[in-house]
Amino acid sequence: MIRTLAAQIKEYKKASIITPVFMILEVVFETLIPFLMASIIDDGVEAGNMHHIYAVGAFMIAAALAGLFCGVMGGKYGARASTGFARNLRQAMFDNIQTFSFASLDKFSTAGLVTRLTTDVTNMQMAYQMMLRMCFRAPISMICAMAMAFMINAELASVYLAAVVLLGIVLAFIIRGAMKYFQEAFPKYDELNASVQENVGAIRVVKAYVREDYETKKLKKASQNIYDIFLKAEKQVVLNMPVMQFTVYSCILLLSWLGAKQIVQNTLTTGELMSLLTYCMNILMSLMMLSMIFVMMSMSMASARRICEVLEEKSDLTNPDKPLYEVQDGGIEFQHVRFSYQKESDEAVLHDIHLKIQPGETIGIIGGTGSAKTSLVNLISRLYDVTQGAVLVGGHDVREYDLETLRNQVAVVLQKNVLFSGTILENLRWGDSDATEEECRRVCKLACADEFIEKMPDGYQTYIEQGGSNVSGGQKQRLCIARALLKKPKVLILDDSTSAVDTATDARIRKAFAQEIPDTTKLIIAQRISSVQNADRIIVMEDGRIHGVGTHEELLADNEIYREVYESQTSGGGDFDEKAGEA
């Protein structure tokens, strides 16, 4: 874990080294001041030597200014190193997330990733700055102050030593108690973020069902969970202050009493007693700093582990040593494919799929919810790898291709359509960043999106809100289809991506595909039989198996499932998940 995090310091190594150097120098200069003060009192004030007072006073001012300069520079470089470290952590996590396979993404919730990129990185930033500054300053300050105290009077300095040992034991118990609560707290942030994200993303549904009060209570509960945990932790941490104050005042009283006796006996001077009292405060305050460092470190350890989970996650989808950079054609072949989302699982999602699709063929895929239609097509663009068997595209196993090459030639319009904030043209150019406006217009015409785009006030420059909230579901689907067509793919997969489009528009889209991209292999997942009945072949899926393959007429004659659904949809509506005769 330390090696993973340390790798993100990168160009801030210099600042990370300079910061503790300045902090140590600041401590050295601060430690000299009480010693010089004792000299002024003993050799200047009591002896009436003004020259000594001026000379040593000048040294004190110089030491104070030097300490101030070192403190400022330590703060400057510490801030630079910690903010740079946080920036690199966020960038490294985001970059690694982009390499995740779908299997890797399944391990993390969206809210969990957001929390790691925000709250957890902020905790690490604060902890790193504290480590560079306080972790060096506090122990060095305590050691220097203790050494100076023993140089002045070993007997009285022993009081500090006893106090430090006692205070260290007490603080260790306090921190140990608080640490377990901090470790529980940060996963609760995931729940809080998930609640907010879900509510904002589905705010129209919340309002439609008048569930504002329910959502408010749910968020309040998530917030209360975090509050309760942190309250328990803070109750432990606040014990630091009374214990510290009791120790400080006890030491001051004990030093004053013992010191006064030694002054009367002429074994200690007034200036030395003043220095000892100052060093007393330095030592105990350093110990207080150390206790706060341990608290912060215990908080950051939980964050560090969560960050490292993301940084150390490696996609199981990698390029071969000598990948292929050209997909010959859109031919697809499934060779006795078995697939499960958990490789070690005995329960497969797909069972012994054996199928061959010719280049340019239009294939319809229908099946009930959970029949593994989407799982089947996800293997073609290698969003997941097969558990057994092989998937071939263009005559080669998909695992032999360069991933980017394969996915550029296998365009997928996913079941959940996503548009990004930006103009319509900017969204379309996700398919091809170099596409001209004329090319964008052409694919929009194929996807029947041109008719509504041209009615918009700004046309192709119309701004799409985040998530496409200012366009309808059908419009969003057509824009996503157009975006996929811009890739000029050899294989086009439409995963139920015309479900929000009326049947007339759906028919026009299919007709345009047949006329304009005849050489592209087209796989259409649909619930409506009307969307696939003109396909060259139709695959009927059930429970992760192929239940039947054939043309519309062949399946009506030979496949009971297909026939029941067709009759259900033509006799009175319904969809694939409803049996014939059911409303």
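Computation of the quantities below employed the complete heavy-atom set of this structure, encompassing side-chain atoms and omitting hydrogens, waters and symmetry-equivalent molecules. As the structure is a computational prediction, the values presented were derived from the model and not from experiment. For this chain, numbers begin at 1 and follow the sequence in order.
Heavy atoms of other residues, nucleotides or ligands lying less than 6.0 angstrom from CD of Glu454 number more than 12. The number of heavy-atom neighbours closer than 6.0 Å to CE of Met126, taken from other residues, nucleotides and ligands shown, is 12 or below. Residue Tyr341 qualifies as enclosed at atom OH: its count of foreign heavy atoms under 6.0 Å is above 12. Annotation for Glu437: atom CD counts as buried by contact number, over 12 foreign heavy atoms lying within 6.0 Å. In this structure, Phe420 places its CZ atom where more than 12 heavy-atom neighbours from other residues, nucleotides or ligands lie under 6.0 Å away. Atom CD of Glu560 has 12 or fewer heavy atoms from other residues, nucleotides or ligands within 6.0 Å. No more than 12 heavy-atom neighbours from other residues, nucleotides or ligands sit within 6.0 angstrom of CZ on Arg442. When the shell of 6.0 Å around CD of Glu347 is examined, it contains 12 or fewer heavy atoms from other residues, nucleotides or ligands.
Ring geometry for His396 against Tyr401 counts as perpendicular: the plane angle is over 60°, on a 0 to 90° scale with 30° as the lower cut.
Heavy-atom minimum distance, Gly360 versus Asp536: O-OD2, 4.3 Å. Heavy atoms only, all atoms of each residue included: Ile366 and Ala526 are closest at CG2-O, 3.4 Å. Contact between Met1 and Cys308 at its shortest, heavy atoms only, is CG-SG, 3.2 Å. Considering all non-hydrogen atoms of both residues, Leu379 and Phe339 come closest at CD2-CD1, 3.9 Å. Nearest approach of Val398 to Leu406, heavy atoms of both residues: CB-CD2, 3.8 Å. Minimum heavy-atom separation, Ile9 to Tyr128: CD1-OH, 3.4 Å.
For the pair Arg510 and Phe513, the NZ or CZ position fails the cation-pi test of under 6.0 Å to the six-membered ring centre and within 45 degrees of the ring normal.
Contact check for Leu317 versus Arg382: side-chain heavy atoms found under the 4.5 Å cut-off. Ile332 has its side chain out of reach of Lys356: every pair of non-hydrogen atoms, C-beta onward, lies at least 4.5 Å apart. Between Ile546 and Met541, the closest side-chain pair of non-hydrogen atoms falls below 4.5 Å. Residues Thr505 and Arg478 form a side-chain contact, since some pair of their non-hydrogen atoms from C-beta on lies under 4.5 Å apart. Counting heavy atoms from C-beta outward, Leu350 and Ile353 have side chains that approach closer than 4.5 Å. At a threshold of 4.5 Å between non-hydrogen side-chain atoms, the residues Tyr463 and Ile424 do not count as touching. Side chains of Glu313 and Leu105 form no contact here, defined as non-hydrogen atoms less than 4.5 Å apart. Counting only heavy atoms from C-beta outward, the side chains of Val413 and Ile493 never approach each other to under 4.5 Å.
A donor atom on one side chain and an acceptor atom on the other are not found under 3.5 Å apart for Ser82 and Gln125. Using modelled atom types and a 3.5 Å distance limit, the side chains of Glu361 and Thr521 yield no donor-acceptor pair.
Residues Arg483 and Asp432 are not paired through a salt bridge, judged by the lack of any N-O separation under 4.0 Å between the basic side chain and the carboxylate. No salt bridge links Arg545 with Asp543; every basic N to acidic carboxylate O contact stays at or beyond 4.0 Å. Ionic pairing of Arg508 and Glu451 is present here: one or more N-O contacts between side-chain nitrogen and carboxylate oxygen are shorter than 4.0 angstrom. Ion pairing between a basic and an acidic side chain is recognised when a charged N comes within 4.0 Å of a carboxylate O; Lys445 and Glu516 show no such pairing. Electrostatic pairing of Glu215 and Lys218 counts as a salt bridge here, judged by a charged N lying under 4.0 Å from a carboxylate O.
Atom OG of Ser531 and atom CG of Asp496 lie 8.5 Å apart (nearest 0.5 Å). We find the CD-CG distance between Glu400 and Asp321 to be 12.0 Å, quoted to the nearest 0.5 Å. One distance of note links CG of Leu5 with CZ of Arg305; it measures 11.5 Å at 0.5 Å rounding. Interatomic distance, CE of Met124 versus CZ of Arg116, reported as 13.5 Å (0.5 Å rounding). Taking NZ from Lys217 and NZ from Lys220, the interatomic distance works out to 9.0 Å, rounded to the nearest 0.5 Å. The OG1 atom of Thr369 lies 5.5 Å from the CD atom of Gln527; values are rounded to the nearest 0.5 Å.
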Report task. Might you work through the side chain to side chain contact (heavy atoms under 4.5 Å, CB included) test for Val391 and Val337, ending with a clear yes or no? Result -> CA-CA 7 Å; Val391 177; Val337 167; 3.9 Å; yes
Report task. Please report the C-alpha distance between Leu355 and His336 in whole Å, then the side-chain angles of each, then the deciding distance to 0.1 Å, and finally whether the side chain to side chain contact (heavy atoms under 4.5 Å, CB included) criterion is met. Result -> CA-CA 8 Å; Leu355 177 70; His336 299 288; over 6 Å; no
Report task. Please assess Leu89 against Phe94 for the test side chain to side chain contact (heavy atoms under 4.5 Å, CB included), listing each intermediate value before the final yes or no. Result -> CA-CA 8 Å; Leu89 278 179; Phe94 189 82; over 6 Å; no
Requested in this report: Apply side chain to side chain contact (heavy atoms under 4.5 Å, CB included) to Val393 and Gln328, showing your working.
Outcome: CA-CA 8 Å; Val393 173; Gln328 192 68 31; over 6 Å; no
**Report entry** CA sep, side-chain torsions, deciding dist, call: Arg528, Asp506, salt bridge (Lys or Arg N to Asp or Glu O under 4.0 Å)
**Finding:** CA-CA 10 Å; Arg528 293 190 301 231; Asp506 188 11; 3.1 Å; yes
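Not counting sequence neighbours, the partners of Phe100 by the ring-ring contact (aromatic ring centres under 6.0 Å, His included) test are Phe108. Every residue two or more places apart in sequence or in another chain that forms a ring-ring contact (aromatic ring centres under 6.0 Å, His included) with Tyr566 is listed here: His552. With sequence neighbours excluded, the residues forming a side chain to side chain contact (heavy atoms under 4.5 Å, CB included) with Arg87 are Glu11, Tyr12, listed by chain and number.
Between the side chain of Asp402 and the backbone N or O of Tyr325, no donor-acceptor pair lies under 3.5 Å. A donor-acceptor pair under 3.5 Å is absent between the side-chain atoms of Ser300 and the main chain of Ser303, judged by distance alone. For the pair Ser433 (side chain) and Arg429 (backbone), a donor-acceptor distance under 3.5 Å is absent. No donor-acceptor pair closer than 3.5 Å links the side chain of Thr520 to the backbone N or O of Val491. At distances below 3.5 Å, not a single donor-acceptor pair connects side-chain atoms of Arg338 with backbone N or O atoms of Thr387. Formation of a donor-acceptor pair under 3.5 Å by the Arg407 side chain with backbone atoms of Ser381 is found in this model. Distance alone, capped at 3.5 Å, is enough to place a donor-acceptor pair between the Asn96 side chain and the Val310 backbone. Between the side chain of Asp495 and the main chain of Ile525, no donor-acceptor pair closer than 3.5 Å is present. A donor-acceptor contact shorter than 3.5 Å is absent between the side chain of Ser371 and the backbone of Glu542. In terms of modelled atom types and a separation under 3.5 Å, the side chain of Gln475 and the main chain of Ser472 share a donor-acceptor contact.
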